[in-house]
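Below is one structure, written out as structure tokens; comments come after it.
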There are 2 protein chains.
Amino acid sequence: MAIFSKTCEYAMRAVFYVAQRSHEGYKVGIKEIAGHINSPEPFLAKILQQLSRDGVILSTKGPNGGFYFDAASLNRPLADVVTAVDGDEIFTGCGLGLTYCSESNPCPLHEEFKKVRNQLTHMLHTTTIGKFNLGLIKGKFTLNK
Amino acid sequence: MAIFSKTCEYAMRAVFYVAQRSHEGYKVGIKEIAGHINSPEPFLAKILQQLSRDGVILSTKGPNGGFYFDAASLNRPLADVVTAVDGDEIFTGCGLGLTYCSESNPCPLHEEFKKVRNQLTHMLHTTTIGKFNLGLIKGKFTLNK
DNA sequence: AAAATAAAGGACAAAAATGTCTTTTATTAA
DNA sequence: TTAATAAAAGACATTTTTGTCCTTTATTTT
């Protein structure tokens, strides 16, 4: 069990790839994205549809169409991607899966777990969709395998 | 999607409950555990079997038998429970699900994600199985719902 | 030794996540 | 305006997770 679902991993990788290509001035088709982030093409299509419905990513149909980000979208936090595909349970849920657990009525693990969750939340809110564009363009890292 | 799997949540809740009862001098049957942590009894049985095989929890069959911890086991870290049921992917895996990603060949998110993972690892290693015994006995918190 | 108890183990079932395929709709270029 | 392109949508298939049930094995009490 990883921290994020496969769906969420694909979504983040795809978003970083599309962000890079948008920075370079291109829109990207599903086939190109799937190839570069090593994900099953039809499954990724579903994920990007979801992101599109939620307004996280932009898309146009037809020739020269594809997925892309505008300047404003490139500054959105990665957290928006996670929320769109996995919901906000990862940001709010109890570590032991207890529904009663809250700040005023905490479970045993609440205080300890809160630190982890806050760190994760902070990371996903300070990391923008376009944060790695230059590094990706320079080939500093890749998004496949 | 929560951080831990359902299996893992049940395992941690069960372990905390059995630890408390062990501290009080009792062994506990699967039915009593399932009732107190609000989990499906046969499914929990499988999980505790796994923990038992891995030597994380102790058990004896027959009348007055059940699950329990000895003093040494009560000091084991919660991380052992997580590893036994979910493996160590949560401690070592890449945030983007990339297999090439490592300290020497990091993915874009590596440095940021490492902080979260380290915090989680630290929390699970410093929290012992018996840590909440007194709080649980005093009724400071519960483990169901 | 026999009966009762409780975990261990294996086979099976349902639900959710992951993955595939085909048709439809929107857009653009010729 | 027609043909080509590419995302959107819906139906379907597989795998994994979650959950159930029944039989076996070990232990204890009578």
Side-chain angles (χ1 to χ4, degrees), chain A residues 1-15 17-18 21-22 26-35 37-69 82 84-87 89-90 97, chain B residues 1-15 18 21-22 26-35 37-69 82 84-87 89-90 93 97:
Chain A
M1 258 288 188
I3 294 221
F4 299 112
S5 66
K6 278 252 159 255
T7 307
C8 193
E9 290 176 354
Y10 292 150
M12 292 189 289
R13 303 220 296 267
V15 154
Y17 180 74
V18 174
R21 297 293 286 154
S22 291
Y26 299 104
K27 288 175 187 157
V28 212
I30 188 71
K31 192 174 300 231
E32 180 184 335
I33 305 171
I37 71 165
N38 194 56
S39 76
E41 188 186 316
F43 186 46
L44 181 62
K46 292 293 175 201
I47 297 170
L48 293 184
Q49 268 174 43
Q50 178 66 40
L51 290 178
S52 178
R53 270 195 296 271
D54 274 47
V56 175
I57 203 170
L58 301 170
S59 74
T60 59
K61 296 180 178 181
N64 302 319
F67 296 92
Y68 65 101
F69 291 106
V82 175
V85 296
D86 272 359
E89 203 188 341
I90 203 169
Chain B
M1 257 287 188
I3 293 221
F4 299 113
S5 65
K6 278 255 158 253
T7 306
C8 193
E9 290 176 355
Y10 290 150
M12 293 189 288
R13 302 219 297 264
V15 154
V18 175
R21 298 292 285 155
S22 291
Y26 299 104
K27 288 175 185 155
V28 214
I30 188 70
K31 193 174 300 231
E32 179 183 337
I33 305 172
I37 72 164
N38 193 57
S39 76
E41 188 186 316
F43 186 46
L44 182 62
K46 292 293 174 201
I47 298 169
L48 293 183
Q49 268 173 43
Q50 178 65 41
L51 290 178
S52 178
R53 270 195 296 270
D54 274 46
V56 175
I57 203 169
L58 301 169
S59 73
T60 60
K61 296 179 178 181
N64 300 319
F67 295 94
Y68 65 101
F69 292 106
V82 175
V85 296
D86 272 359
E89 203 188 341
I90 203 169

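All chains are named by letter (A, B, ...) in the order of the sequence lines, taking the proteins before the strands, and each is independently numbered beginning at 1. Keep in mind that this is a model prediction, so the values were computed, not measured.
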**Item:** Reading 5' to 3' through nucleotides 7-15 of chain C, protein heavy-atom contacts under 4.0 Å coded B for base, S for sugar-phosphate only, - for none
**Value:** BBBBB----
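- Residues in residues 3-14 of chain B take part in these salt bridge (Lys or Arg N to Asp or Glu O under 4.0 Å) pairs, two or more places apart or across chains: B/Lys6-B/Glu9.
- When all heavy atoms are compared, the tightest approach of A/Asn64 to A/Lys27 is O-CD, 3.6 Å.
- The minimum heavy-atom distance between B/Ala2 and A/Glu89, with the atom names listed, is CB-OE2, 3.5 Å.
- As rounded to whole Å, 11 Å separates atom P of D/dA6 from atom CD of A/Glu41.
- Closest of all the heavy-atom pairs between B/Val85 and B/Cys8 is CG2-CA, 3.9 Å.
- For the helix from C/dA1-D/dT30 to C/dA30-D/dT1, the end axes, each set by the C1' atoms of five terminal pairs, are bent relative to each other by 10° (nearest 10°).
- Judged as a side-chain hydrogen bond (donor to acceptor under 3.5 Å, both in side chains), and not counting sequence neighbours, the contacts of B/Ser5 are B/Asp86.
- Taking atom OH of residue A/Tyr68 and atom P of nucleotide C/dT27, one finds them 11 Å apart after rounding to whole Å.
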Restricting both atoms to N or O, compile the protein contacts to nucleotides 1-3 of chain D shorter than 3.5 Å, with distance only.
none

Return the polar atom pairs (N/O with N/O) between nucleotides 15-18 of chain D and the protein under 3.5 Å, or none.
residue : atom : partner : partner atom : Å
D/dT18  : OP1  : B/Lys6  : N            : 3.2
D/dT18  : OP2  : B/Thr7  : OG1          : 2.7

Distance-only donor-acceptor pairs under 3.5 Å for side chains of residues 37-52 of chain B, two or more places apart:
residue : atom : partner : partner atom : Å
B/Gln50 : OE1  : B/Arg53 : NH2          : 3.1
B/Gln50 : NE2  : B/Asp54 : OD1          : 3.0

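- In this structure, the CG atom of A/Leu51 is 13 Å from the P atom of D/dA9, given to the nearest Å.
- Put simply, CG on B/Leu44 is 16 Å from P on C/dA6, counting in whole angstrom units.
- For A/Tyr17, the side-chain hydrogen bond (donor to acceptor under 3.5 Å, both in side chains) partners two or more places apart in sequence, or in a different chain, are A/Glu32, A/His36.
- Phosphate contact (OP1/OP2 of C/dA6, side-chain N/O of B/Asn64, threshold under 4.0 Å): absent.
- The distance from atom CZ of A/Phe69 to atom CG of A/Leu58, rounded to the nearest 0.5 Å, is 7.5 Å.
- Scanning both residues, B/Ile33 and B/Phe67, for their nearest heavy atoms gives CD1-CD1, 4.0 Å.
- Rounded to whole Å, the distance from CG on B/Asn38 to P on D/dG19 is 11 Å.
- Note that CZ of B/Phe4 is 7.5 Å distant from CD1 of A/Ile3, once rounded to the nearest 0.5 Å.
- Separating the CD1 atom of A/Ile47 from the P atom of C/dA17 is a distance of 13 Å, rounded to the nearest angstrom.
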